[in-house]
Asker: 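A single structure is presented below for examination.
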Amino acid sequence: GIVAMGGYNTFCEILSFDRPALIVPREVPRMEQLIRATQARNHGLTAMLLDDNGRNPEIMAEALRELPHRNPPSYVVVPGLLDGIATVNQLVGRRLDGRQRDSGTTLARQTGG
């Protein structure tokens, strides 16, 4: 298993290594780790322990004992979670299609067509 704070790169590695994970996000100076860890927990991808609870040795020990019994992230299907490249291709395609239409209109105006 993996125990981590839950920064963006670490979260991506948790998904790519497909290991059960316990995320103990920091909340200062920004809340991004907490937001990511909360969503991952809500989707069942990881477990989460708030930093204030993580300092309690009994709570941390229990979370660590449960970690080997958790399913890896691949056991959970979150629609669209790993569709980034398809989404980017779709958005770029729309943008390019719009430019082609715009340039065609411009060309028609320039040629009198």
Side-chain angles (χ1 to χ4, degrees):
I2 300 170
V3 178
M5 289 174 37
Y8 178 78
N9 289 332
T10 301
F11 182 69
C12 290
E13 289 174 0
I14 288 168
L15 295 178
S16 68
F17 291 143
D18 197 29
R19 296 287 184 254
L22 171 63
I23 299 179
V24 185
R26 76 168 175 225
E27 299 176 43
V28 176
R30 290 172 286 290
M31 302 281 289
E32 57 101 4
Q33 289 184 4
L34 176 63
I35 293 166
R36 185 178 303 108
T38 300
Q39 290 300 312
R41 181 203 55 207
N42 291 348
H43 287 295
L45 295 167
T46 66
M48 182 181 83
L49 189 61
L50 293 176
D51 189 33
D52 58 343
N53 291 331
R55 294 180 189 195
N56 180 322
E58 289 86 20
I59 293 174
M60 177 59 96
E62 180 60 28
L64 292 172
R65 277 193 291 274
E66 291 175 11
L67 189 57
H69 306 289
R70 292 191 51 79
N71 288 327
S74 64
Y75 276 58
V76 179
V77 176
V78 179
L81 178 66
L82 299 175
D83 294 345
I85 192 69
T87 301
V88 168
N89 285 338
Q90 184 180 31
L91 293 172
V92 169
R94 286 181 194 164
R95 180 76 181 228
L96 292 174
D97 287 347
R99 283 186 177 174
Q100 289 172 355
R101 280 192 296 273
D102 291 346
S103 66
T105 303
T106 303
L107 181 60
R109 285 186 195 144
Q110 290 174 352
T111 59

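Only a predicted model underlies this, so the values are computations on that prediction, with no experimental measurement involved.
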Asker: Ignoring hydrogens, what is the shortest heavy-atom contact between Arg36 and Tyr8? Give both atom names and the distance.
Answerer: NH1-N, 3.3 Å
Asker: Quick one: are Asn42 and Gln39 in side-chain contact, heavy atoms under 4.5 Å?
Answerer: yes
Asker: Between Ala40 and Thr46, which heavy-atom pair has the shortest distance, and what is it?
Answerer: CB-OG1, 3.4 Å
Asker: When you group the ILVMFWY residues by side-chain heavy-atom contacts below 4.5 Å and let the links chain together, are Phe17 and Tyr75 in the same group?
Answerer: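 Shared cluster, no.
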Asker: Does one hydrophobic cluster hold both Leu64 and Ile59, with members joined at side-chain heavy-atom distances below 4.5 Å?
Answerer: yes
Asker: Quick check: closest heavy atoms across Leu49 and Ala63, and the distance to 0.1 Å?
Answerer: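 Heavy atoms of Leu49 and Ala63 come nearest at CD2-CB, 4.2 Å.
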Asker: Step by step, work out the side-chain contact (heavy atoms from CB on, under 4.5 Å) result for Ile2 and Glu13.
Answerer: CA-CA 10 Å; Ile2 300 170; Glu13 289 174 0; over 6 Å; no
Asker: Are the side chain of Arg26 and the backbone of Gln33 linked by a donor-acceptor contact shorter than 3.5 Å?
Answerer: no
Asker: Give, for atom CG of Asn56 and atom CD of Glu62, the distance between the pair rounded to the nearest 0.5 Å.
Answerer: 11.5 Å
Asker: If every non-hydrogen atom of Met31 is compared with every non-hydrogen atom of Glu27, which pair is closest and at what distance?
Answerer: SD-O, 3.6 Å
Asker: Which pair of heavy atoms, one from Ile14 and one from Ala21, lies closest together, and at what distance?
Answerer: CG2-CB, 3.7 Å
Asker: Ion pair present between Arg70 and Glu66, side-chain N to carboxylate O less than 4.0 angstrom?
Answerer: no
Asker: Identify whether Met5 and Leu34 are in the same connected component of the hydrophobic contact network (ILVMFWY, side-chain heavy atoms under 4.5 Å).
Answerer: no
Asker: Quick one: are Arg41 and Ile23 in side-chain contact, heavy atoms under 4.5 Å?
Answerer: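 No, side chains not in contact.
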Asker: Between atom OG1 of Thr10 and atom CG of Leu15, what is the distance when rounded to the nearest 0.5 Å?
Answerer: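 Going from the OG1 atom of Thr10 to the CG atom of Leu15 covers 11.0 Å.
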Asker: How long is the span from the NE2 atom in His43 to the OG1 atom in Thr38, to the nearest 0.5 Å?
Answerer: 11.0 Å
Asker: Do Val28 and Leu50 sit in the same hydrophobic cluster, where Ile, Leu, Val, Met, Phe, Trp and Tyr count as joined when their side-chain heavy atoms come under 4.5 Å apart?
Answerer: no
Asker: Below 4.5 Å, heavy atoms only, C-beta onward: do Pro25 and Met48 meet side chain to side chain?
Answerer: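 The answer is yes, as the side chains (C-beta and beyond) meet within the 4.5 Å cut-off.
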